[in-house]
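Just below is one structure, and these are the notes that go with it.
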Amino acid sequence: STQSTWGEDYGQVATYNGGIPSSTHGYTLDTQHHFTTGKPMLVCGNTASMVQETRLGRHFTVQGDHGVHYGLFPCGPKGGAMCGPTPT
């Protein structure tokens, strides 16, 4: 897994392409991540890995990689908080 403890900004963008029957207009990953179908969304490295490297991968397109690190990603309601899934 390429997930880290903190949200890291690699300039990655994730787009939910649809395809999950109960989530035609969008997909809610957790309490902090809702993807509108077809709308690109800037995500931290952890979220990019979760939607790309799991069963969700066939429903998402992720642009970018871990080639350039821009610092901490402002995850969570206060920004810069620990980033990762908060199950719904």
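The residues of the chain are indexed from 1 along the displayed sequence.
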Please enumerate all residues that pass side-chain hydrogen bond (donor to acceptor under 3.5 Å, both in side chains) together with D65, with sequence neighbours excluded. none
Can C44 and M50 be said to form a side-chain contact (heavy atoms from CB on, under 4.5 Å), step by step? CA-CA 10 Å; C44 71; M50 283 186 286; over 6 Å; no
Is the shortest side-chain heavy-atom distance between V51 and V62 below 4.5 Å? yes
Apply side-chain contact (heavy atoms from CB on, under 4.5 Å) to residues D9 and L72 and explain how you reach the verdict. CA-CA 5 Å; D9 185 354; L72 290 178; over 6 Å; no
Relative to the ring of F60, is the ring of Y16 parallel (under 30°), tilted (30 to 60°) or perpendicular (over 60°)? tilted
Residue pairs meeting side-chain hydrogen bond (donor to acceptor under 3.5 Å, both in side chains), one or both in residues 35-45, sequence neighbours left out, come to none
Taken to the nearest 0.5 Å, the spacing of N17 CG from L56 CG works out to 11.5 Å
Determine, stepwise, if the pair H69 / E8 fulfils side-chain contact (heavy atoms from CB on, under 4.5 Å). CA-CA 7 Å; H69 185 250; E8 302 290 340; 2.4 Å; yes
Given the side-chain rings of Y27 and H34, with only the six-membered ring counted for Trp, is the space between their centroids under 6.0 Å? no
Would you say T28's side chain and D30's backbone share a donor-acceptor pair under 3.5 angstrom? no
Of all heavy-atom pairs linking V13 and P40, the shortest is CG1-CB, 3.4 Å
Correct closest heavy-atom pair for Y10 and G45 would be CD1-CA, 4.2 Å
Nearest-0.5 Å distance, CD of residue Q32 to OG1 of residue T47: 8.5 Å
Gap separating the CD atom of Q63 from the CG atom of L42, nearest 0.5 angstrom: 11.0 Å
What one should report as the nearest heavy-atom pair of H59 and R55 is CD2-O, 4.1 Å
